[in-house]
Protein chains: 2
Amino acid sequence: MNSQKKFKELLKENGLKATTQRIAILEMLSSNPGKHLTAEEIYDCVRQDYPEIGLATVYRTIQLLSELGLIEKLILDDGYLRYEIGTSSKGDLGHHHHHLICLHCGKIDTFQDDLLENLESRIKEIMGFDVVDHEVKLYGHCKQCRGEK
Amino acid sequence: MNSQKKFKELLKENGLKATTQRIAILEMLSSNPGKHLTAEEIYDCVRQDYPEIGLATVYRTIQLLSELGLIEKLILDDGYLRYEIGTSSKGDLGHHHHHLICLHCGKIDTFQDDLLENLESRIKEIMGFDVVDHEVKLYGHCKQCRGEK
DNA sequence: TTGGGTGCAAAGGCTTTGCATGTGA
DNA sequence: TCACATGCAAAGCCTTTGCACCCAA
């Protein structure tokens, strides 16, 4: 099944209309895995194929997809919300990857790890807090930037 | 030494003038440890003692203090930047506490842990990425909200 | 004295919303 | 057909900035 058809069904499953715009956004995001794009960047990218699309539609769509868990939201402190295609299956929270953010060049890399599961069970024991999702950002210097110095 | 005097010296050490407003903000934040206040909330709080203070001054001051490492910044996804008095000594990055954020009542709790040190050294080995700071947010349900359900 | 700091108001910049039009089911 | 979705423009909202005045050193 091609990706367009897959997204069409995915949208319908969630009670949404499978519009050209929504499919275009999903396709664009899924062909850029690991990139963490702002609404504006998504807009510019999608507009190359669908020049008629409006920025407001991009905002509405990513908010929708984010609520459904199809895409993941990332907040850095540059004032932009960023999105990437979900790595986990729908609703499967708690298995996000970690983000490695280079303080020098701004590049965002990812790292998969289960180390936090220990921490989460300990927190449940000690604090009575039941963790259902987590977000880890690691700031530092990437290989390339370290080499250049 | 009283806290006012302490903050006065702290500011001077950093080449800043020890103004009434800056000291008031520092005192307010330090008397509310563990609270994660927005600029507006800081403004409202400080204004009870210093009604003349301006919101712009609050923004300028928290930005300044944040750059100096005297206060810590926290970004949730509600569109506000939040601040709390620093827990680590100045410049001692990498020893922040983790944040437990209740999805039900919005309460933010903290948890101290060194578990990430393992992860960080592994990342350095595998990815060549040198971690200097991290931020961990754990979303879930706090003890009280779990009890109510 | 004097250069950094403050207060006020205006401007910025990202995101959301209102409304008329368009379109997938 | 018709309720949902889109596009455009305007509004919202948090934060920053310009500028004249003020005050800590």
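First the proteins, then the strands, lettered A, B, ... as listed; each starts at 1.
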Would you kindly give the [atom1]-to-[atom2] distance between [X] and [N], to the nearest whole Å?
{"X": "L16(A)", "N": "dA25(C)", "atom1": "CG", "atom2": "P", "value": "11 Å"}
{"X": "D78(B)", "N": "dG12(D)", "atom1": "CG", "atom2": "C1'", "value": "16 Å"}
{"X": "L55(B)", "N": "dG12(C)", "atom1": "CG", "atom2": "C1'", "value": "15 Å"}
{"X": "K73(B)", "N": "dT15(D)", "atom1": "NZ", "atom2": "C1'", "value": "11 Å"}
{"X": "I75(A)", "N": "dT15(D)", "atom1": "CD1", "atom2": "P", "value": "12 Å"}
{"X": "Y43(B)", "N": "dC8(C)", "atom1": "OH", "atom2": "P", "value": "7 Å"}
{"X": "L11(A)", "N": "dA5(D)", "atom1": "CG", "atom2": "C1'", "value": "12 Å"}
{"X": "N14(A)", "N": "dG24(C)", "atom1": "CG", "atom2": "C1'", "value": "17 Å"}

Assign each of Y80(B) and K8(B) the nucleotide of DNA chain D bearing its closest heavy atom; nearer the 5' end lies the nucleotide of Y80(B)

Judged by nearest nucleotide, the residue sitting upstream toward the 5' end of DNA chain D, T20(B) or I53(A), is I53(A)

Within the structure, does a side-chain N or O atom of [X] lie under 4.0 Å from either OP1 or OP2 of [N]?
{"X": "R22(B)", "N": "dT6(C)", "value": "yes"}
{"X": "T19(B)", "N": "dT6(C)", "value": "yes"}
{"X": "Y59(B)", "N": "dT16(D)", "value": "no"}
{"X": "Q21(B)", "N": "dC23(D)", "value": "no"}

Considering only heavy side-chain atoms of K17(B), the closest of dG24(C), dG3(C), dT6(D) is dG3(C)

Per atom distances to the A56(A) side chain, the nearest of dT17(C), dA25(C), dT6(D) is dT17(C)

- Between R146(A) (side chain) and G128(B) (backbone), is there a donor-acceptor pair under 3.5 Å? yes

task = Give Q63(B) one of three labels, base, sugar-phosphate or nothing, depending on what nucleic acid heavy atoms sit under 4.0 Å from its own.
result = sugar-phosphate

Handout entry: Sugar-phosphate, base or nothing in reach of E52(A), heavy atoms under 4.0 Å
Key = sugar-phosphate

(Q) Can you tell me whether the side chain of R60(A) and the base of dG7(D) have a donor-acceptor pair closer than 3.5 Å? (A) yes

Is it the case that the side chains of [Y] and [X] hold a donor-acceptor pair, with the cut-off being a distance below 3.5 Å and no angle test?
{"X": "T57(A)", "Y": "Q21(A)", "answer": "no"}
{"X": "E135(A)", "Y": "H99(B)", "answer": "no"}
{"X": "H36(B)", "Y": "E41(B)", "answer": "no"}

Tested for side chain to side chain contact (heavy atoms under 4.5 Å, CB included) against L11(B), the lone hit among K6(B), R22(B), K17(B) is R22(B)

